[in-house]
Visitor: 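Take a look at the following structure, please.
Order of listing sets the numbers, starting from 1, for every ligand and every atom in it.
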Amino acid sequence: MNLDRYDLVVVGTGFASSFFLHRYLQRSRGDLRVLVLERGEINPHPWQLAGGHEAIKRESQRSFGNDTPEKPWHFMLSFGGSSNCWVGNTPRMLPEDFRMRSLYGVAEDWPVGYDELEEYYCDAEEIMAIAGPRDGAPFPRSRPYPQGAHRFSDVDRLFKAAYPDRFFALPTARPTAATSRRPVCCGNGVCTLCPINSKFTIANELGHLYEDPRVTLVTGAQVQGVEVQGGQLVTGVSFTKDGRVHNASGDLVVLGANALFNAHILLQSGLDQPELGGGLVEQVSKTVVVHLDGVDNFQGSTYVTGHGYMLYGGPHRSERAAALIETVNRPELRNERGKWRQILRMRVIYEDLRRPESRVRPSPDNPLRPRVSFAGASPYAQRGMDALEGEMARILAPLPVERFWVDAEPNRTESHILGTTPMGNDPARSVVDRHLVHHAVRNLVVLGGGVFPTAAPANPTLTLSALSLWAADRLAASAAVA
Ligand SMILES: Cc1cc2nc3c(=O)[nH]c(=O)nc-3n(C[C@H](O)[C@H](O)[C@H](O)COP(=O)(O)OP(=O)(O)OC[C@H]3O[C@@H](n4cnc5c(N)ncnc54)[C@H](O)[C@@H]3O)c2cc1C
């Protein structure tokens, strides 16, 4: 394959890469030359509905070796990455989540603060047309949510009355008003493959980026390494396509292949740093089921409707993990006459900390397939979960409850992949700096959830998308591409 030199080579087309590309193109001159290498193919929505979606999910699982299969890692290798299968819950992190070491003596502070990221959060929310509460939020906001919130269920309304400052409508990329490209969410509860293409995906809102005349998109191209001169300068990438190895040169290389594959690509390229590949982490959740006394549920207008912050902020974070509570609005029936809808399911999602033993490493026998192992939730997260039963009794006290129970085992996955290429100010304890530029190789950028130094309770995708906008702004300015 004959590929000339590019100003910018981008790996992947998921959230991380596409939000970066979006802002970089906005800030760049007309003759910029961008190459995008995507391992998957363009899979149109009707084709996915006809069975292709499940086939890609299965195929994606074969892309890595899991040494601890009791802990699954889910994602989709396809144009648009896991935007094809995400659910679309989009909380921000709280300001305190960025300052865990300073405030609670736990883990690390992020090298970027909430205030610096705030305008990028707003921009990412506008791009995704997020529907969220306009009558208050748990975090400071400089602009209102682009769309009004989804309708609460009656149970959400009871929570809101009991906890006016700690219970809110869940912000989501499932719209309450049609955008020029997407219809209103129909509330069917099968969001991982939205039947009406309402949920934000890269294909339905940002697909136009890849038709920009400055951009060349090559699909079916699996990047296997970055080429580094003298340990300090990246000159391009190597990739396989159609069974052959190719090279592409670039002045700036941006990795957005997710936290498993970004780390693997760097490890395969000989860029060994103490933190690289270690610290694979995600949040961990418990399910709580409540039998209600005389209150019907499921009047909400989307899959998950409420967000409870009753277990989130506070001094307990010095000792045990904070949690975010989701109230689920997907209907289910209670098997008792006259009480069919008097049931509530909640997901209580705890933050977790990076552990060095949980890691991505190269396979000795296959340079294209990482191996992954997970050491389990940290004692910090476990202490949070251990306290749940008692805390839930207190939280539910203002509601009409017959009984409730907490599932004994945590859910197996949150489908978030974080922590393998952390950002930080100290090169000995992190892989990239606060602008997501590699500490040693200054024309190499690493995006996505891998850069999270801690896994706050909030779902990560809005934050990693905002970080991509933040990094692109800085790099486009310093490269003087405008
Ligand atoms: C079922 C499910 C539900 C989820 N729900 C939510 C939610 O409600 N809220 C939330 O915040 N998050 C959710 N997530 C997580 C969310 O999808 C991820 O945080 C997000 O997709 C990460 O974006 P990314 O661009 O870093 O990675 P991805 O979306 O994984 O994109 C990576 C891209 O890189 C490509 N790629 C990989 N390796 C290579 C290579 N070697 N060469 C070239 N290309 C490569 C892939 O094909 C893909 O296009 C969910 C995830 C799943 C699986």
Side-chain angles (χ1 to χ4, degrees), residues 9-21 35-43 53 56-57 59-61 63-64 72-93 124 128 130 170-174 190-193 199-203 206 210 217-226 237-241 248 254-266 268 282-283 303-304 326 347 349 367-370 413-418 420-421 446-452 455-456 458-468:
V9 176
V10 178
V11 179
T13 58
F15 291 92
S17 299
S18 299
F19 279 74
F20 182 94
L21 187 61
L35 174 67
V36 180
L37 297 168
E38 166 54 52
R39 173 177 179 160
E41 298 294 346
I42 297 174
N43 298 301
H53 185 84
I56 305 168
K57 269 171 49 186
E59 186 58 32
S60 300
Q61 286 297 305
S63 64
F64 68 105
W73 301 96
H74 291 153
F75 52 85
M76 246 169 108
L77 298 175
S78 174
F79 175 78
S82 298
S83 74
N84 292 290
C85 65
W86 78 319
V87 166
N89 297 343
T90 53
R92 297 180 178 192
M93 287 168 45
M128 296 194 216
I130 299 300
L170 172 137
T172 173
R174 305 181 293 270
V190 288
C191 307
T192 52
L193 176 56
K199 168 193 76 173
F200 171 90
T201 68
I202 298 302
L206 291 180
Y210 300 91
L217 170 65
V218 180
T219 59
Q222 181 180 355
V223 171
Q224 55 189 65
V226 293
V237 302
S238 59
F239 63 97
T240 51
K241 179 172 168 63
V254 173
L255 300 184
N258 94 24
L260 299 189
F261 300 108
N262 281 348
H264 186 238
I265 290 167
L266 295 175
Q268 287 292 112
E282 69 165 342
Q283 297 82 359
Y303 170 28
V304 189
E326 291 180 350
R347 201 170 174 105
I349 305 163
L368 295 176
R369 195 164 178 265
T413 180
E414 294 307 295
S415 300
H416 305 152
I417 315 175
L418 310 171
T420 56
T421 57
V446 186
L447 305 172
V451 309
F452 285 30
N459 316 51
T461 306
L462 183 76
T463 299
L464 72 86
S465 302
L467 282 170
S468 284

Visitor: Residue-level breakdown please: for Leu37 versus ligand 1, do any non-hydrogen atoms fall below 4.0 Å on the side chain, on the backbone, on both, or on neither?
Guide: backbone
Visitor: Which word best sums up how the rings of Trp86 and Phe200 line up, parallel for under 30°, tilted for 30 to 60°, or perpendicular for over 60°?
Guide: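 The rings of Trp86 and Phe200 stand perpendicular, inter-plane angle above 60°.
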Visitor: Determine whether a donor-acceptor pair (N or O, by modelled atom type, separation under 3.5 Å) exists between the side chain of Ser17 and the backbone of Gly14.
Guide: no
Visitor: Within a distance under 4.0 Å of any heavy atom of Ala16, pick out the atoms of ligand 1 and give their elements.
Guide: 24 (P), 25 (O), 26 (O)
Visitor: State the atoms of ligand 1, each with its element, that fall below the 4.0 Å cut-off from a heavy-atom position in Asn89.
Guide: 7 (C), 8 (O), 9 (N), 10 (C), 11 (O)
Visitor: Check Phe15 against ligand 1 and report side chain, backbone, both or neither, counting heavy atoms closer than 4.0 Å.
Guide: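 Both backbone and side chain of Phe15 come within 4.0 Å of ligand 1.
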Visitor: Nearest protein heavy atom to atom 45 (C) of ligand 1, by residue and atom, and its distance?
Guide: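 Protein heavy atom with the smallest distance to atom 45 (C) of ligand 1: Arg39 CB, 3.5 Å.
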Visitor: What distance separates Leu255 CG from Phe261 CZ, expressed to the nearest 0.5 Å?
Guide: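 If we round to the nearest 0.5 Å, Leu255:CG and Phe261:CZ are 13.0 Å apart.
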Visitor: Counting heavy atoms only, which of Gly225, Gly88, Ser82 comes nearest to atom 21 (O) of ligand 1?
Guide: Ser82
Visitor: Which ligand 1 atoms are under 4.0 Å away from a heavy-atom of Ser78?
Guide: 47 (O), 48 (C), 49 (O)
Visitor: Going by the order shown, which atoms of ligand 1 are within less than 4.0 Å of some heavy atom of Cys85?
Guide: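 Going through ligand 1 atom by atom, the ones under 4.0 Å from Cys85 are 1 (C), 2 (C), 3 (C), 53 (C).
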Visitor: Which is it for Val11 and ligand 1 at heavy atoms under 4.0 Å: side chain, backbone, both or neither?
Guide: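 It is the side chain that gets close, since no backbone atom is under 4.0 Å.
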Visitor: Check whether any side-chain N or O of Lys241 sits under 3.5 Å from a backbone N or O of Leu37 as a donor-acceptor pair, and report yes or no.
Guide: no
Visitor: Ligand 1 versus His416, non-hydrogen atoms closer than 4.0 Å: side chain, backbone, both, neither?
Guide: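 Only the side chain of His416 comes within reach of ligand 1.
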Visitor: Find all atoms of ligand 1 within a distance of less than 4.0 Å from any non-hydrogen atom belonging to His74, and give their numbers and elements.
Guide: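 This gives 53 (C) as the contact atoms.
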Visitor: Report the part of Ala259 in contact with ligand 1, treating N, CA, C, O as backbone and CB onward as side chain, heavy atoms under 4.0 Å; options are side chain, backbone, both, neither.
Guide: neither
Visitor: Give the single entry among Leu77, Thr461, Ile202, Val10 that approaches atom 10 (C) of ligand 1 most closely by any heavy atom.
Guide: Thr461
Visitor: Looking at Glu41, is its backbone amide N or carbonyl O close enough to the side chain of Thr219 to form a donor-acceptor pair, meaning the two atoms are under 3.5 Å apart?
Guide: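 Here the side-chain-to-backbone pair does not exist.
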Visitor: Do the side chain of Glu282 and the main chain of Ser415 share a donor and acceptor less than 3.5 angstrom apart?
Guide: yes
Visitor: Measure the CG-OG1 distance between Leu418 and Thr463 for me, rounded to the nearest 0.5 Å.
Guide: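 It comes to 10.0 Å.
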Visitor: Please confirm whether the backbone N or O of Val304 pairs with a side-chain atom of Arg174, one donor and one acceptor, at under 3.5 Å?
Guide: yes
Visitor: Tell me the protein heavy atom at minimum distance from atom 46 (C) of ligand 1, and give that distance in Å.
Guide: Glu38 OE2, 3.5 Å
Visitor: Using distance alone, with no hydrogens and no angle criterion, decide if Asn262 and Thr421 have a side-chain donor and acceptor under 3.5 Å apart.
Guide: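 Side chains of Asn262 and Thr421: no pair found under 3.5 Å.
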Visitor: Main chain of Ser83, side chain of Thr201: is a donor-acceptor contact present, judged purely on distance under 3.5 Å?
Guide: no
Visitor: Which of the listed options, Val223, Val237, Asn459, Val218, holds the heavy atom that is closest to atom 40 (C) of ligand 1?
Guide: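 When every heavy atom of Val223, Val237, Asn459, Val218 is considered, Val223 comes closest to atom 40 (C) of ligand 1.
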Visitor: Under 4.0 Å from ligand 1, counting heavy atoms only, is it the side chain of Ala221, its backbone, both or neither?
Guide: backbone
Visitor: For atom 37 (C) of ligand 1, which candidate among Gly256, Ala257, Ala173, Ser63 holds the nearest heavy atom?
Guide: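 Looking at heavy atoms only, the winner is Ala257.
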